[in-house]
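Reviewing the structure listed below.
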Amino acid sequence: MVSLWLGLLPALAQDRIRLATTTSTDNSGLLAVLLPPFEKKYNMKVDVIAVGTGKALKLGENGDVDAVLVHSREAEDEFIEKGFGVNRRDVMYNDFVIVGPPSDPAGVAKSPSAAEALCAISKAKAPFISRGDDSGTHKKEKELWKAAAVEPGGQWYLEAGQGMGAILTMADEKNGYTLTDRGTLLAFSDKLELEVLYEDDPDLFNPYGIMAVNPALHAHTNYVGAMLLIGWMTSPEGQNIIGSFKMNNQLLFFPLAVPASGRNREWSF
């Protein structure tokens, strides 16, 4: 279906696409390498609105953007089921990790699960910086707190309402902990003293999906352009760019639509 759009309609599409996406795809630098080849190929400009997943989906619900690229599968499925979006496709994945000061005063590194790692932070009342913005990362964090049977609060818990890059900087300055996607962490690693203290829990899997805003609800949206962008991100060419994007010789995202042989085996969930 998507391939048909790729071959048919560049001449009919409008010349701008509004893409609401999570801050991690922007902060990591991925979009800066992934979008220019698309814009050149189809003579289109992609206007990126980088916000948390919740806000990105709300922009789509209101018809304020043409496509949405986010990372919260449950919220994405609800978006589709309610008719706000169509043609969702898997794009890529990485994982969440818990980072903190190298001294690890809460003993996070010894935890048997991600939820118990957060429980250890709450018991130690060690500083924890939360996105607090209904982003995909914030949604995952809330899942983990619920699994830990902990209601976070108090002076040790700060909801900053900022993007992932800003949260990492704050956690670093406060010698605190936070939950982050690995891609943004790698992009900021040269600026931080924080270390990965907990990883490789199946609950930390972090898939990304893209979908078009439903043109039946919002006829003014650039549905043709959105489908071209979906086709690009899930095409072999787009997937190869995603699977080749590295920082400090490490992959930040792994393609899901057209995974290369062996490449998706580096992280096993």
Side-chain angles (χ1 to χ4, degrees), residues 1-51 53 56-57 59-60 63-73 76-77 79-80 84-94 136 181 183-184 187 206-216 218 220-247 251-261 263-264:
M1 177 67 180
V2 170
S3 61
L4 291 176
W5 288 101
L6 274 173
L8 286 174
L9 296 170
L12 297 177
Q14 299 171 14
D15 61 358
R16 299 189 84 87
I17 303 169
R18 299 164 300 171
L19 172 67
T21 184
T22 173
T23 61
S24 59
T25 59
D26 194 40
N27 288 170
S28 65
L30 174 65
L31 296 182
V33 300
L34 181 60
L35 294 181
F38 168 83
E39 293 175 326
K40 182 179 180 180
K41 185 172 185 176
Y42 293 101
N43 192 29
M44 288 186 170
K45 179 73 173 68
V46 180
D47 296 323
V48 174
I49 300 109
V51 291
T53 287
L57 291 172
L59 288 170
D64 294 327
V65 295
D66 307 306
V68 180
L69 171 64
V70 291
H71 63 140
S72 180
R73 186 56 192 265
E76 293 166 43
D77 289 344
F79 186 78
I80 295 293
F84 299 128
V86 294
N87 298 321
R88 184 197 174 279
R89 294 289 305 276
D90 289 322
V91 176
M92 59 192 181
Y93 75 90
N94 59 19
D181 71 285
T184 308
N206 183 30
Y208 289 74
I210 188 170
M211 62 208 88
V213 170
N214 190 347
H218 302 290
H220 65 280
T221 58
N222 185 356
Y223 177 66
V224 171
M227 291 304 297
L228 285 171
L229 184 61
I230 292 171
W232 167 256
M233 287 196 179
T234 57
S235 71
E237 189 175 359
Q239 293 279 287
N240 186 58
I241 293 173
I242 291 169
S244 301
F245 180 59
K246 294 183 177 180
M247 192 72 65
L251 292 174
L252 276 66
F253 300 94
F254 290 74
L256 269 174
V258 188
S261 177
R263 193 162 50 199
N264 282 19

Could you measure the distance from the [atom1] atom of [X] to the [atom2] atom of [Y]? Nearest 0.5 Å is fine.
X	Y	atom1	atom2	value
Ile17	Leu228	CD1	CG	6.5 Å
Lys45	Arg16	NZ	CZ	6.0 Å
Met44	Asn222	CE	CG	5.5 Å
Ile230	Ser235	CD1	OG	12.5 Å
Asn206	Phe254	CG	CZ	12.5 Å
Thr25	His71	OG1	NE2	8.0 Å

Any side-chain heavy atom of [X] within less than 4.5 Å of one from [Y]?
X	Y	answer
Leu30	Met92	yes
Ile242	Leu34	yes
Val68	Thr53	no
Asn214	Phe84	no
Asn43	Asp15	no
Val70	Phe79	no
Trp232	Ile241	yes

Show the nearest heavy-atom pair for residues [X] and [Y], with the distance to one decimal.
X	Y	result
Ala226	Ala67	CB-CB, 4.0 Å
Tyr223	Val86	CE1-CG2, 3.8 Å
Thr234	Ala257	CB-CB, 3.7 Å
Ser28	Phe253	OG-CE1, 3.4 Å
Pro255	Gly243	CD-CA, 3.7 Å
Leu31	Pro36	O-CD, 3.7 Å

| After noting the C-alpha distance and the side-chain angles of Leu59 and Val51, does the key distance pass the side-chain contact (heavy atoms from CB on, under 4.5 Å) rule? | CA-CA 10 Å; Leu59 288 170; Val51 291; 4.3 Å; yes
| task | Output yes when a side-chain donor or acceptor of Asn94 lies under 3.5 Å from a complementary backbone atom of Leu252, and no otherwise. | result | yes
| said: Donor-acceptor check, side chain of Gln239 to backbone of Val91, threshold 3.5 angstrom: yes or no? | reply: yes
| field | Stepwise side-chain contact (heavy atoms from CB on, under 4.5 Å) test for Met211 and Asn87 | value | CA-CA 5 Å; Met211 62 208 88; Asn87 298 321; over 6 Å; no
| query | Hey, what's the ring geometry for Phe38 with Tyr42, parallel, tilted or perpendicular (30° and 60° as the breaks)? | reply |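 Rings of Phe38 and Tyr42: tilted, 30 to 60°.
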| query | Thr22 and Tyr208: side-chain donor and acceptor closer than 3.5 Å? | reply | no
| remark: Hits for salt bridge (charged side-chain N to carboxylate O under 4.0 Å, His left out) against Arg18, two or more places apart or cross-chain, chain-then-number order -> Asp66
| field | Of Leu69, Thr21, Asp90, the residue whose pairing with Ile210 passes side chain to side chain contact (heavy atoms under 4.5 Å, CB included) | value |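 Of the listed residues Leu69, Thr21, Asp90, the side chain to side chain contact (heavy atoms under 4.5 Å, CB included) partner of Ile210 is Leu69.
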